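Please read the structure below before turning to the comments.
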Amino acid sequence: MQITLKDGNSISVEAGKTLLDVAESISGGLARAALAARVDGKVTDLLYKPDADCALEILTFDDPDGRHALRHTASHVMAQAVKRLYPTAKLAIGPAIEDGFYYDFDVETPFSSPDLEKIEAEMSRIVKEKLPVERFELPRDEALDLVAKQGEPYKTELINDLPEDAVISFYKQGEFTDLCAGPHIPDTGRIKAFKLLSTTGAYWRGDSTKKVLCRIYGTAFTKKDDLNAYIEALEEARRRDHNRIGRELEFFTTTDYIGQGLPILMPKGAKVLQILQRFVEDEEDRRGYLLTKTPFMAKRDLYKISGHWQHYREGMFIMGDPDGEGEVFALRPMTCPFQFQVYLSKTRSYRDLPMRFNETSTLFRNEASGEMHGLIRVRQFTISEGHLACLPEQLEEEFRGCVDLAMYMLRACGLDSDVSFRFSKWDPANTDKYIGSAEQWDSVQALMKQILDGLELDYTESEGEAAFYGPKLDIQIRNVFGKEDTLITIQVDFQLAERFGMEYVDRDNSKKHPYIIHRTSIGCYERTLALLIEKYAGALPLWLAPVQAVVLPITDRTHGAASDLRDRLRRLGYRVDVDLRSEKIGYKIREAQNQKIPYMLVLGDKEAESGEIAVRSRADGDIGSMTVDEFIQKLGEQSRPPV
RNA sequence: GCUGGUGUAGCUCAGUUGGUAGAGCAGCUGAUUUGUAAUCAGCAGGUCGCCGGUUCGAGUCCGGCCCCCAGCUCCA
């Protein structure tokens, strides 16, 4: 038969040869580096024997699917090692993930780090054994027999959940056989560099009502150097962690007495938030938004109308017995029902629309205790909140305007190339979580999809991520550890206007409900600050830096001139400090540099005489002397956001 | 909320088999007047996360709670 290769050439192959044999016939080097193959676009094992003409691509570690196969096999090797060392461990699932793999085990006592060392050592033995990884398929009843004989109840459950017509495949390496769809690499010897990274609990099937299993995370590479580079990158990420440098640089702190998820913003962090908030509010002003300031709490009656009482009660801080008589208040988890009251305060005409309300809004959400993380996930936060009421024919343009504003903010912060877009839809299988009918959801989601496609955004779709009242466009970003969070969200709401009785009088004198867009422009300020700190490793761009320059007198003879310079720059609106301590200039520079202050202005006798200052930048070191006016011009050029 | 890890000076961390707590940095005082990433000396600093238990005696052992970290679940 004829096999067409990636380069367009084709070779003829006898029946019964494996893809690995084909790779060998192309080149020995390719065969040694090969991990998996793509046959007619479908990823396959190298031990697969083609039986018809096909297009073939041999996959190495450079291909994501090749990496995936290597790490998937590494997870099987880990499971095999665990079964050798702990025969009573029950196997759950063990996939490859973005940077590695994991396997979930049901064990009496969870694994600890000495266990991981033992498992790693056993894995090394399995790799040395160079066991071939062979695939076979079984009919459903035989497959169930096999896993029953193995004593693997989780595998039984997995098989029972497979669709009627599913092919049930197993992979066998030495004494170890695992239910698995594959693909896998041809033998365990190809796992040249691997490491087990951590152990943690994880729910069976991701369901918090089900049993907690013990998950071991690891990663695998084909070269030791690549593994070392990966571990080095992990350490570098830890050095950028906002939760670490945000505290070191005194942006924020926490205390045991205040409570979880309630960070204290220190002068520097508070300053950055103030700069961001002013920037956002000013820009929204220019875009026709109407600023509101609404209460932080309300009676439960308000939340009953909005649906929060029924759908979000767990997440709210409630004052008093929620089911008791009399007045019960709750802190607001969202601004919507409050800002709606502004709309409702008088009769609105179609001529009034669109109306765009914004608010720098503090919200309170009672997150579960294990979910807090630095400034990224907290219980009280401030969001660049906004709600737009518009006519159906205005929806697309207003939505577009919200996306444009969000992108403007991301560009200003330098985060625009770090985000991805997610169209978050409801889960039709879990209607309890949402309000409204399937027809309503289908129609508004179709409408939103049309708008998104019109915007030519590169987005993914995700079921079950919608708000309880409508679908969302989420702008997602990853933190320094790779964990994804929503930075900005823009939501189309077709239901709350009706619930709240929000109406406008149309041209024909009839009353209609407007569409509502819920949106943020820069997201939640605390989270945005956290991501900025991580993005810039604490060295925020000049326009955001809490201290933009520090004046460093060399001796106390220039203390007066240094203080005068600081005052002059401050009067111009720049954030400038002076370091009057009796320390050597090298010491003062070291400290300013560690504080990531953009400019250090060295002022000694020489400068006092010449009227210039010696300027040092945190990025480029000593950049020479200049007059104060020249420096002011330099500051001016850099002190606006890049939009 | 769940699983695991952790908690000792402002910060980073030592602290042996249970015998009464230590370093570096930061701070304070003094000296030094310094030219582009750490000047020297001295001083002070602790309810060993909190509460309870075992013990003649607990930072160390046991129990409960709290906080912090990673992951799961959840979410801006």
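Numbers restart at 1 for each chain; the letters A, B, ... are given by sequence-line order, proteins then strands. Worth saying up front: this structure is predicted, and the values here are computed from it rather than measured.
Within the structure, every side-chain polar atom (N or O) of A:Asn594 is placed at least 4.0 Å from both OP1 and OP2 of B:A37. Look at A:Arg244 and you won't find any side-chain N or O under 4.0 angstrom from OP1 or OP2 of B:C69. Within the structure, every side-chain polar atom (N or O) of A:Gln260 is placed at least 4.0 Å from both OP1 and OP2 of B:C66. OP1 or OP2 of B:A26 sits under 4.0 Å from a side-chain N or O of A:Tyr587.
Tested against A:Glu359, the residues A:Arg519, A:Lys293, A:Arg332 include a single salt bridge (Lys or Arg N to Asp or Glu O under 4.0 Å) partner, A:Arg332.
Within residues 408-427 of chain A, no residue has any heavy atom under 4.0 Å from RNA chain B.
For the atom pair CD1 of A:Ile475 and CG of A:Asp418, the computed distance is 12.5 Å after rounding to the nearest 0.5 Å. Note that OG1 of A:Thr292 and CD of A:Gln339 are 3.5 Å apart. Values are rounded to the nearest 0.5 Å.
A distance of about 7 Å separates the C1' atoms of B:U32 and B:U39, rounded to the whole Å. A gap of 6 Å separates the C1' atoms of B:G18 and B:U60, to the nearest Å. B:G1 and B:A58: their C1' atoms are spaced 33 Å apart (whole Å). When the C1' atom is used for both B:G45 and B:U54, the distance is 33 Å, rounded to whole Å. Across B:G64 and B:U3, the matching P atoms stand 12 Å from one another, rounded to whole Å. Using P as the reference atom, B:C65 and B:A23 are 36 Å apart when rounded to the nearest Å. On the C1' atoms, B:U17 is 15 Å away from B:G57, given to the nearest whole Å. Spacing between B:U47 and B:G4 at atom C1', rounded to whole Å, works out to 29 Å.
The ring-ring contact (aromatic ring centres under 6.0 Å, His included) contacts involving residues 97-117 of chain A comprise A:Tyr86-A:Phe111, A:Tyr102-A:Tyr217, A:Tyr103-A:Phe105, A:Phe105-A:Phe111, where partners must be two or more places apart or lie in separate chains.
Between the A:Ser610 side chain and the A:Glu612 main chain, a donor and an acceptor come within less than 3.5 Å of each other.
A:Leu249 places its CG atom 20 Å from the P atom of B:G10, with the value rounded to the nearest Å. B:U32 atom P lies 15 Å from atom NZ of A:Lys584, rounded to whole Å. Between A:Asn243 atom CG and B:C68 atom P the separation is 9 Å, expressed in whole Å.
Taking the six-membered ring where tryptophan is involved, the planes of A:Tyr303 and A:Trp309 are essentially parallel, since the angle between them stays under 30° and well short of 60°. A perpendicular orientation is assigned to the rings of A:Tyr599 and A:Phe631, their planes being inclined by more than 60° (bins at 30° and 60°).
Checked against B:C2, B:C72, B:A70, the side chain of A:Ala202 finds its nearest nucleotide in B:C72.
Across all strands shown, nothing is found opposite B:U17 as a Watson-Crick or G-U wobble partner with both distances under 3.5 Å. Both distances falling under 3.5 Å, in either a Watson-Crick or a G-U wobble arrangement, place B:A41 opposite B:U29. Across all strands shown, B:C65 forms a Watson-Crick or G-U wobble pair, both distances under 3.5 Å, with B:G49.
A donor and an acceptor atom sit less than 3.5 Å apart, one in the side chain of A:Glu607 and one in the base of B:G35. Contact of A:Thr555 with B:U34 (side chain to base): no donor-acceptor pair of N or O atoms is detected under 3.5 Å. In this model, no side-chain donor or acceptor of A:Tyr203 finds a partner on the base of B:G71 within 3.5 Å. One can find a donor-acceptor pair under 3.5 Å joining the base of B:C74 and the side-chain atoms of A:Arg377. Between the side chain of A:Ser582 and the base of B:U34, at least one donor-acceptor pair of N or O atoms lies under 3.5 Å. You won't find any donor-acceptor pair under 3.5 Å spanning the side chain of A:Gln593 and the base of B:U36, going by distance alone. One can find a donor-acceptor pair under 3.5 Å joining the base of B:A76 and the side-chain atoms of A:Glu367.
One side chain, A:Glu385 or A:Thr335, offers a donor N or O that lies under 3.5 Å from an acceptor on the other.
Mapped onto RNA chain B by nearest heavy atom, A:Phe111 and A:Lys472 fall at different nucleotides, with A:Phe111 at the one closer to the 5' end. Of the two residues near RNA chain B, A:Arg247 and A:Leu603, the one whose nearest nucleotide lies more 5' is A:Leu603.
Annotation: cation-pi geometry satisfied between A:Arg287 and A:Tyr408 (NZ/CZ under 6.0 angstrom from ring centroid, within 45° of ring axis).
In this structure, A:Phe381 counts as stacked on the base of B:A76 under the 5.5 Å centre distance and 30° plane angle limits.
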